[in-house]
Amino acid sequence: MVLALVGGALLAALITTAYTAVGTIPGLPDPPALVRFGLPAARVVLDLAALATVGMSLLPKLIGFDRPKQTEPIMALARRATVITALLWMLAALVSLVLQAAELSPERSATLELLVDYVANVPAGPGLLASAGAGLACAVLGLLAIRFGESVPAELRTIVALLGLLPIPLTGHATDWRYHDFSMISMELHVIGAAMWTGGLAAVALFVAPRRGLLVEALPRFSKLATTAFIVVGASGLFNGLMTLAITPNVGLLGLFTTGYGQIIVAKVICLVALGAVASQMRFRLLPRIARHQRTALLGWAAAEVAVMGVAYGLGVVLSRAPVVI
Ligand code: HEM
């Protein structure tokens, strides 16, 4: 499961970076390969660690609280894993910060002064710092949850993790637009929907799937969340992608096929269609069988779905840094 997600995302991000000019800035010398490919890799790790933190924080809401004997061992495991993913999130945000500063100033060495300049002058700098802070806050909440259990409410842990997703899109593409308020809200919904959907599925598959009794409870709850996420992620992604193309001079909607940016959007639409097909197989064929306590190939289908989500994440990382006219 973890391999499918990480492998799908890293492969998609690195291959797309290699086939487009993303990571090279016109007028500046090309950054070293470590920066050009290290940066999308670090951003993938950041996104995946954040979605894992969101998914595991959501877990108590999916499995419920009425059977503590069965749920507590799972929750104890998930709380420990959350501290690790949250610290990884923080670390990946800091590494991304160093690499983004190095990308913009290839002639300077990565000193503290360069980082301070970057944070002071480029909006992405404070965005990444805030993201690292959110990772740290989630790790602290996770440690408190290990100590005090569910008296540190799952809602609080989930909300802090979701708020932590907001700073990066706030300081990305969306800020350059004429319709910048709409596009910003839409992008925030996109990343929140994607993290709850992917994180929720990965958490259910890893922690709950082996326990049939709990799965019967958790899967219908997750299925409702997934349906909403499918609509929100699809609508917000299309809105942002198509509007970006439409308002870029000399590009327009035809850019969907004539620019690298547009082709990445098409690839993401294909991912969404594939996700819809796998999700309806789970919803309409597997779920009724699980409700009757019959055996199913749930884990195989979930791994396939998570791998496609990983690819959509990898493409998202490249897209969020890509100029439209690549
Ligand atoms: C119709 C399908 C989709 C379209 C048209 C689409 C479009 C986009 C666009 C335009 C961006 C970049 C926005 C910017 O900063 O300029 C983006 C980023 C992103 N997308 Fe999608 N998307 C789609 C499906 C998905 C799916 C299925 C997922 C995951 C489950 C996903 C996850 C993400 C993430 C996480 C980012 C932000 C990446 C980052 O900044 O690190 N997208 N998407």
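Start at 1 with the first residue, then count along the sequence. We count ligands from 1, going down the list as the structure has it; atoms in each ligand are counted the same way. Keep in mind that what you see is a predicted model, and the values were worked out from it rather than measured.
Near Ile265, meaning under 4.0 Å from any of its heavy atoms, are these atoms of ligand 1: 5 (C), 10 (C). For ligand 1, the atoms sitting less than 4.0 Å from at least one non-hydrogen atom of Ala312 are 26 (C), 27 (C), 28 (C), 29 (C), numbered in the order shown with element in parentheses. In summary, the atoms of ligand 1 found under 4.0 Å from a heavy atom of Leu272, numbered by their order in the structure, are 1 (C), 2 (C), 27 (C). Of all atoms in ligand 1, listed by their number and element, those nearer than 4.0 Å to a heavy atom of Ala194 are 29 (C), 30 (C), 32 (C). For ligand 1 and Tyr313, the ligand atoms under 4.0 Å from any heavy atom of the residue are 29 (C), 35 (C). Within the listing of ligand 1, atoms 14 (C), 15 (O), 39 (C), 40 (O) sit less than 4.0 angstrom from a heavy atom of Ser320. The atoms of ligand 1 that sit less than 4.0 Å from any heavy atom of Leu275 are 27 (C). Listed by number with element, the atoms of ligand 1 under 4.0 angstrom from any heavy atom of Thr198 are 30 (C).
Shown here is Gln294, whose CD atom has more than 12 heavy atoms of other residues, nucleotides or ligands within 6.0 Å. Enclosure of atom CG in Leu299 by more than 12 non-hydrogen atoms of other residues, nucleotides or ligands within 6.0 angstrom is indicated. More than 12 heavy atoms of other residues, nucleotides or ligands shown are found within 6.0 angstrom of CZ on Arg108.
Contact annotation: for Tyr261 versus ligand 1, heavy atoms closer than 4.0 Å belong to the side chain alone. In Leu46, neither the side chain nor the backbone holds a heavy atom less than 4.0 Å from any atom of ligand 1.
Of the N or O atoms in Asp47, one or more lie within a sub-3.5 Å distance of an N or O in ligand 1. On a distance-only criterion, Trp197 and ligand 1 share no N/O pair closer than 3.5 Å.
Residues Val208 and Phe222 fail the side-chain proximity criterion, which asks for heavy atoms closer than 4.5 Å. Looking only at side-chain heavy atoms (C-beta outward), Val2 and Leu206 come within less than 4.5 Å of each other. When side chains are defined from C-beta on, Leu5 counts as touching Leu51, because their heavy atoms get closer than 4.5 Å.
Look at Arg211 and Glu217 and you find no salt bridge, because none of the NZ, NE, NH1 or NH2 atoms lies under 4.0 Å from a carboxylate O.
Cluster membership check: Leu112 does not share its hydrophobic cluster with Tyr118, using side-chain heavy-atom separations under 4.5 Å among Ile, Leu, Val, Met, Phe, Trp and Tyr.
Taking 2.8 Å as the threshold, Leu315 does not count as a candidate ligand of atom 21 (Fe) of ligand 1, since none of its N, O or S atoms lies below it.
Checking each of Leu272, Val233, Leu201 against Met309 for a side-chain contact (heavy atoms from CB on, under 4.5 Å) leaves exactly one that passes, namely Leu201. Checked options Thr85, Thr158, Thr82; the residue passing with Thr53 is Thr85 (criterion: side-chain hydrogen bond (donor to acceptor under 3.5 Å, both in side chains)).
Selection from Arg43, Arg321, Met243, Lys268 by nearest heavy atom to atom 24 (C) of ligand 1 gives Lys268. Comparing Met196, Met187, Met184 by heavy-atom distance to atom 13 (C) of ligand 1, the nearest is Met187.
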